[in-house]
Amino acid sequence: MSDCTNCRSSDVNRREFLTKSSALAITAVLAACGDGIGGGATGPSNVNESVVLADYTALGTVGGIAVVSGAGTPIAVVRTATSQYRAFSLICPHAGTTVAINGSGFRCPNHGATFNASGAWTGGQRTSGLSEFTVALNSTAGTITITT
Ligand code: FES
């Protein structure tokens, strides 16, 4: 109860009710969004893909990006240096839509989240970065193996 001497009891009760119910509503919305930045979709948890680099012309140059999805798993490989590659899940961490290559990064067609070539979120729908996989290069064979 309030100790306001100028307020009627019913006014105070209504005010307290509105204050407390607003706080509960905000708490409920934040809980529904997990960490408050939306989403919670995760990438595949069991990936083991072998990729022949010569099959993807985009990976012939540093900065090139190619979708190398295998077995239904949407994966992008980014060539970051002459002998370095990184691989990311294309499952949007916001709500699970497949993200597409967009210029030198990625964009989700669903709510517009954008990510750079390092998988970090850069704009649009606020969410976390793309999940990254482990990449092992076999330069003799000209292949990379992507694993979780
Ligand atoms: S699913 Fe919402 S931004 Fe990708």
Side-chain angles (χ1 to χ4, degrees), residues 2 4 11-148:
S2 168
C4 173
D11 290 340
V12 172
N13 288 340
R14 186 178 330 127
R15 188 176 308 127
E16 287 178 354
F17 171 78
L18 290 173
T19 300
K20 289 180 181 175
S21 61
S22 294
L24 284 172
I26 290 169
T27 302
V29 167
L30 290 176
C33 294
D35 54 10
I37 59 174
T42 59
S45 59
N46 188 20
V47 169
N48 189 348
E49 295 287 334
S50 181
V51 173
V52 177
L53 295 168
D55 289 347
Y56 300 92
T57 53
L59 298 178
T61 57
V62 173
I65 304 174
V67 175
V68 297
S69 302
T73 302
I75 299 171
V77 171
V78 180
R79 185 172 186 177
T80 57
T82 301
S83 299
Q84 291 184 332
Y85 300 84
R86 295 176 75 177
F88 300 95
S89 167
L90 289 178
I91 295 176
C92 183
H94 176 238
T97 300
T98 300
V99 173
I101 296 171
N102 183 38
S104 60
F106 306 93
R107 184 180 185 280
C108 179
N110 199 358
H111 306 112
T114 56
F115 308 88
N116 64 19
S118 297
W121 175 83
T122 56
Q125 170 64 50
R126 188 165 166 77
T127 188
S128 56
L130 300 175
S131 296
E132 185 168 6
F133 301 119
T134 300
V135 175
L137 171 66
N138 182 334
S139 55
T140 303
T143 61
I144 56 172
T145 301
I146 303 167
T147 55
T148 46

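Hydrogens, waters and symmetry mates play no part in the numbers below; they use all other heavy atoms, side chains included.
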To the nearest 0.5 Å, what is the distance between [atom1] on [X] and [atom2] on [Y]?
{"X": "T134", "Y": "I144", "atom1": "OG1", "atom2": "CD1", "value": "11.5 Å"}
{"X": "L90", "Y": "I75", "atom1": "CG", "atom2": "CD1", "value": "8.0 Å"}
{"X": "T143", "Y": "E49", "atom1": "OG1", "atom2": "CD", "value": "12.5 Å"}

Sequence neighbours left out, what passes side chain to side chain donor-acceptor pair (under 3.5 Å) with E132? Give chain and number order.
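E132 satisfies side chain to side chain donor-acceptor pair (under 3.5 Å) with R86 once adjacent residues are dropped.
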Should S104 and N116 count as side-chain neighbours, where that means a heavy-atom distance under 4.5 Å?
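No, too far: nothing below the 4.5 Å cut-off.
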Does the side chain of P74 come within less than 4.5 Å of I91's, by heavy atoms?
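Yes - at least one pair of side-chain heavy atoms lies under 4.5 Å apart.
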Please check: side-chain N/O of S118 versus main-chain N/O of A120, any donor-acceptor pairing under 3.5 Å?
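Looks like no, no N/O pair under 3.5 Å.
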Steps toward side chain to side chain contact (heavy atoms under 4.5 Å, CB included) verdict (V47, T147):
CA-CA 5 Å; V47 169; T147 55; 5.9 Å; no
Only pairs under 3.5 Å count here: list side-chain donor-acceptor contacts from residues 106-114, not counting sequence neighbours, and write none if there are none.
unit_1: N110; atom_1: ND2; unit_2: T97; atom_2: OG1; d: 2.8
unit_1: H111; atom_1: ND1; unit_2: H94; atom_2: ND1; d: 3.1
unit_1: T114; atom_1: OG1; unit_2: T122; atom_2: OG1; d: 2.8
unit_1: T114; atom_1: OG1; unit_2: G123; atom_2: N; d: 3.1
unit_1: T114; atom_1: OG1; unit_2: G123; atom_2: O; d: 3.4

Where [X] and [Y] come nearest, the two heavy atoms and their spacing:
{"X": "V51", "Y": "Y56", "result": "CG1-CE1, 3.5 Å"}
{"X": "A58", "Y": "I65", "result": "CB-O, 3.3 Å"}
{"X": "L59", "Y": "V77", "result": "CD2-O, 3.5 Å"}
{"X": "C92", "Y": "F115", "result": "SG-CZ, 4.3 Å"}

L137 vs S83, test: side chain to side chain contact (heavy atoms under 4.5 Å, CB included). Steps then yes/no.
CA-CA 8 Å; L137 171 66; S83 299; 3.9 Å; yes
If you apply the rule side chain to side chain contact (heavy atoms under 4.5 Å, CB included), what do you find for I146 with Y85, and how did you get there?
CA-CA 10 Å; I146 303 167; Y85 300 84; over 6 Å; no
Let's go through T145 and N138 carefully: what are the C-alpha distance in whole Å and the side-chain angles of both, what is the deciding distance for side chain to side chain contact (heavy atoms under 4.5 Å, CB included) to 0.1 Å, and is it a yes or a no?
CA-CA 8 Å; T145 301; N138 182 334; over 6 Å; no
